[in-house]
Amino acid sequence: MGTRSTYRIIEQFTDDKTKKVVNQDLCLIYVQFDGYPSGHPSDTAEWLSTGKVVNGYSLNEELQFNGAGCLAAQLIAKMKTGTGGVYLQSLKSRGKSWEDYLYDIIVKEDHTIEFVCYENGRCKTEVFRGTPSDFVKHYSKQEA
């Protein structure tokens with residue numbers, strides 16, 4: 001049996017009218033296997049930490065995300081290698097597909113990325129919040 005997980009990609013911005021911070025959920029990616037923090041989430045966080053969120057892009061940068069939607073599309077392309085294993089799901093299904101872990105990738109207005117991990121047991125418990133590189137450091141130390 002696999003360790004199921006989901007990644008929710010979120011675009012965070014300030015609403016011009018209300019001046020309040022808004023989190024807009026863009027998509028939900030369900031991954032059937034190896035969703036424990038030191039599995040593919042560490043690989044994903046490491047990949048995210050090598051990229052840069054931009055507004056407009058140049059051909060000189062190695063890995064760029066032209067906003068949250070571009071990041072989401074690139075992550076799906078990176079994860080999906082064939083039939084099965086990785087699926088797009090309705091945002092409403094988050095936490096209802098027997099996921100052991102839930103991950104949020106929040107693309108902030110200042111072009112930074114926040115990586116959040118929740119254990120999805122009897123109640124959802126946040127176990128990490130920080131940068132993708134901090135996530136990698138935190139979970140590689142636990143494996144050692």
Side-chain angles (χ1 to χ4, degrees), residues 1-15 20-144:
M1 187 112 166
T3 303
R4 298 175 179 100
S5 61
T6 52
Y7 292 89
R8 181 173 55 171
I9 312 302
I10 301 167
E11 181 176 24
Q12 188 176 85
F13 60 92
T14 303
D15 182 273
K20 292 184 180 181
V21 174
V22 176
N23 286 327
Q24 181 175 329
D25 297 348
L26 297 182
C27 69
L28 186 68
I29 305 166
Y30 171 83
V31 185
Q32 201 159 8
F33 300 101
D34 298 334
Y36 43 86
S38 62
H40 62 72
S42 282
D43 296 338
T44 299
E46 187 171 355
W47 176 75
L48 288 169
S49 70
T50 66
K52 181 178 175 184
V53 178
V54 296
N55 182 9
Y57 57 94
S58 71
L59 300 177
N60 298 333
E61 296 290 328
E62 193 167 307
L63 177 60
Q64 298 174 72
F65 310 114
N66 193 20
C70 181
L71 184 152
Q74 287 188 62
L75 181 57
I76 293 165
K78 179 183 181 322
M79 291 180 149
K80 190 68 178 165
T81 58
T83 305
V86 176
Y87 303 87
L88 290 179
Q89 290 188 329
S90 161
L91 288 159
K92 292 178 183 178
S93 70
R94 185 169 193 243
K96 299 176 184 172
S97 296
W98 305 285
E99 303 102 298
D100 298 290
Y101 292 93
L102 310 171
Y103 298 94
D104 285 340
I105 298 172
I106 304 167
V107 180
K108 297 180 169 252
E109 198 166 22
D110 65 0
H111 298 170
T112 60
I113 299 171
E114 186 172 41
F115 200 83
V116 186
C117 173
Y118 303 92
E119 285 184 353
N120 190 35
R122 288 186 179 180
C123 62
K124 184 174 84 170
T125 306
E126 184 177 308
V127 294
F128 178 86
R129 180 179 293 265
T131 67
S133 57
D134 287 342
F135 182 87
V136 172
K137 289 176 195 169
H138 181 76
Y139 285 99
S140 66
K141 286 180 186 175
Q142 286 190 354
E143 288 294 303

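Everything numeric here is computed off the predicted structure, so don't read it as measured data. Values reported hereafter were calculated over all heavy atoms of this structure, with side chains retained and with hydrogens, waters and symmetry mates removed.
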Using the side chain to side chain contact (heavy atoms under 4.5 Å, CB included) criterion, which residues pair with K108? Sequence neighbours excluded. Q12, I106, D110, T112, E114
Tell me, with the steps shown, if E109 and V21 meet side chain to side chain contact (heavy atoms under 4.5 Å, CB included). CA-CA 9 Å; E109 198 166 22; V21 174; over 6 Å; no
Ignoring hydrogens, what is the shortest heavy-atom contact between P41 and G35? Give both atom names and the distance. CG-O, 3.5 Å
List the atom of P132, the atom of I113, and the distance in Å for their closest heavy-atom pair. CD-O, 3.4 Å
Residues two or more places apart in sequence or in another chain: which of them pass salt bridge (charged side-chain N to carboxylate O under 4.0 Å, His left out) with K80? none
For E11, give me all partners under side-chain hydrogen bond (donor to acceptor under 3.5 Å, both in side chains), at least two apart in sequence or on another chain. none
So how far is it from Y7 OH to Q89 CD, rounded to the nearest 0.5 Å? 14.0 Å
Non-neighbouring partners of E46 that pass side-chain hydrogen bond (donor to acceptor under 3.5 Å, both in side chains), sequence neighbours left out: none
Who passes salt bridge (charged side-chain N to carboxylate O under 4.0 Å, His left out) against D25, sequence neighbours left out? R8
Verify whether one side chain among Y103 and H40 offers a donor that lies under 3.5 Å from an acceptor in the other. no
Residues at least two apart in sequence or cross-chain that pass side chain to side chain contact (heavy atoms under 4.5 Å, CB included) with A72, listed by chain then number, are I9, C27
Got more than 12 heavy atoms from elsewhere within 6.0 Å of CZ, F13? yes
Going by the rule side chain to side chain contact (heavy atoms under 4.5 Å, CB included), which residues pair with V107 if we only count those two or more places apart in sequence or in a different chain? V53, A68, L71
For D134, enumerate each residue passing the side-chain hydrogen bond (donor to acceptor under 3.5 Å, both in side chains) test, keeping only those at least two apart in sequence or located in another chain. T131
Measuring from atom CZ of R4 to atom OH of Y101, what distance do you get when rounded to the nearest 0.5 angstrom? 14.0 Å
Look up atom CD1 in I10 and atom CG in N23, then write down how far apart they are to the nearest 0.5 Å. 5.5 Å
From CG (L75) to SG (C70), nearest 0.5 Å: 11.0 Å
Distance check, rounded to the nearest 0.5 Å: L88 atom CG versus T6 atom OG1? 12.0 Å
Taken to the nearest 0.5 Å, the spacing of S42 OG from D34 CG works out to 11.5 Å
With a 3.5 Å cut-off and no angle check, do the side chains of E62 and T50 form a donor-acceptor pair? no
W47 and F65 aromatic centres sub-6.0 Å: yes
Residues passing the side-chain hydrogen bond (donor to acceptor under 3.5 Å, both in side chains) test with D15, sequence neighbours excluded, are T18
Would a distance-only check, ignoring hydrogens and angles, find a side-chain to backbone donor-acceptor pair under 3.5 Å from N66 to G56? yes
Side-chain donor or acceptor of Q64 paired with backbone N/O of S58 under 3.5 Å: yes
Go through the structure and list residues passing ring pair (Phe, Tyr, Trp, His ring centres under 6.0 Å) with F128, not counting sequence neighbours. F135, H138
By side chain to side chain contact (heavy atoms under 4.5 Å, CB included), Y87 pairs with (sequence neighbours left out) Y30, Q32
Could you name each residue pair satisfying salt bridge (charged side-chain N to carboxylate O under 4.0 Å, His left out) that touches residues 85-100, not counting sequence neighbours? R94-D104
